[in-house]
Amino acid sequence: MLEAILWDVDGTLAETERDGHLVAMNAAFEELDIPWRWDERRYGELLRVAGGFERLLFDMESQLLAPVSLDERSVLARRIHALKNQRYKELVASGALPLRPGVRELFDECPAAGVRMAVVTTTSRGNVDALLSAQVGADWEARFAAVVCAEDAPVKKPDPQAYRLVLERLQLSAEQTVAIEDSAMGLAAATAAGIPVVITRSIYFPDDPVPGALAVGPSLGTTDGWQPEARPGGERRVGLAELCHWYGSRG
Ligand code: XBP
Ligand code: MG
């Protein structure tokens, strides 16, 4: 039986990358008088590196004005990243990043059906708190049986550390859960922990191969465009009934 839904955050709950982290990163560069700017295309490339801090270090490898020593790069990346997160939190606290279609409905459906929920993300707890406080309310954490963030599992996806930890905290086996992810990296992390994965594609990962996903579709807000096809009838969104159906027919 399906006991818990494990939610990724960035790209899955909301389009936080293009409309949140990228905007905030460029604001941080500007405020710190650093002449670097990332456009949407470059940010898409950089998303192959998990973690904002790690992303900055990677980008510095091709920035002419980056400090030479690794220590100095690290100090600078920490400074930029901290300011980016501050600006990101302000942005999401203003309500600028709505939940993706179908997310709120599933948030409400799960507890009513006795299915627990957890958050499994490589971003920080502060960033998650800012997003969910704005979108769900200050008591958002009460909805989740476990919340695993970067501080809990520092080894980022595609490593399975965060997923293994959430299973431990929930006292569940992998087969009792389904993860909802938007990226191939998230899929790899959950799969390596043995967890079945449903992919809701996000702006930055419209057509990445997602081998072994239980189902893949454009959004929980529609039954169109899903593979395998969502069953006809009922609501025109992918809810708990559809997830349980896919879960029950897994190989
Ligand atoms: C996505 C990430 C994060 C965010 C930025 O995490 O890789 O690094 O892009 O957040 P997920 P930070 O999809 O697991 O939620 O700057 O805090 O790393
Ligand atoms: Mg994601």
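We count ligands from 1, going down the list as the structure has it; atoms in each ligand are counted the same way. Counting from 1, the numbers follow the sequence of the chain as shown.
- Salt bridge R201/D207: absent, no basic N to carboxylate O contact under 4.0 Å.
- Among all non-hydrogen protein atoms, the one lying nearest atom 10 (O) of ligand 1 is T123 OG1, 3.0 Å.
- For CZ of F53, the number of neighbouring non-hydrogen atoms (other residues, nucleotides, ligands) closer than 6.0 Å is greater than 12.
- Other residues, nucleotides and ligands contribute over 12 non-hydrogen atoms within 6.0 Å of the CD atom of E45.
- In terms of protein heavy-atom proximity, atom 13 (O) of ligand 1 is nearest to D8 OD1, 2.8 Å.
- Residues R250 and E175 are not paired through a salt bridge, judged by the lack of any N-O separation under 4.0 Å between the basic side chain and the carboxylate.
- By the 4.0 Å heavy-atom criterion, G51 is counted among the residues contacting ligand 1.
- With hydrophobic clusters built from ILVMFWY side chains whose heavy atoms lie under 4.5 angstrom apart, V210 does not share a cluster with I203.
- Looking at D8 and the Mg ion (ligand 2) together, the shortest N, O or S contact belongs to OD2.
- The closest approach between a heavy atom of R55 and any atom of ligand 1 is below 4.0 Å.
- Of the protein's non-hydrogen atoms, the one nearest atom 2 (C) of ligand 1 is T122 OG1, 3.3 Å.
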Requested in this report: Tell me, with the steps shown, if N26 and E30 meet side-chain hydrogen bond (donor to acceptor under 3.5 Å, both in side chains).
Outcome: CA-CA 6 Å; N26 282 325; E30 193 168 342; over 6 Å; no
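- For atom 15 (O) of ligand 1, the closest non-hydrogen atom of the protein is T121 OG1, 2.6 Å.
- If you check each of G52, A153, A82, G11 against atom 18 (O) of ligand 1, the one with the closest non-hydrogen atom is G52.
- Of the charged side-chain nitrogens involved, none lies within less than 4.0 Å of a carboxylate oxygen, so that K89 and D129 do not count as a salt-bridged pair.
- Nearest N/O/S atom of D10 relative to the Mg ion (ligand 2): this is O.
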Requested in this report: Could you walk me through whether Y163 and E168 pass the side-chain hydrogen bond (donor to acceptor under 3.5 Å, both in side chains) test, one step at a time?
Outcome: CA-CA 9 Å; Y163 277 107; E168 208 178 295; over 6 Å; no
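- Contacts of N127 with ligand 1, taken as heavy-atom pairs under 4.0 Å, involve the side chain alone.
- Coordination check, E17 versus the Mg ion (ligand 2): failed, since every N/O/S atom of the residue sits at 2.8 Å or beyond.
- In summary, no N, O or S atom of E181 is located under 2.8 Å from the Mg ion (ligand 2).
- A heavy-atom separation below 4.0 Å is found between H81 and ligand 1.
- Aromatic ring centres of F144 and W7: separated by at least 6.0 Å.
- Of the heavy atoms in K84, only side-chain atoms (C-beta onward) come closer than 4.0 Å to ligand 1.
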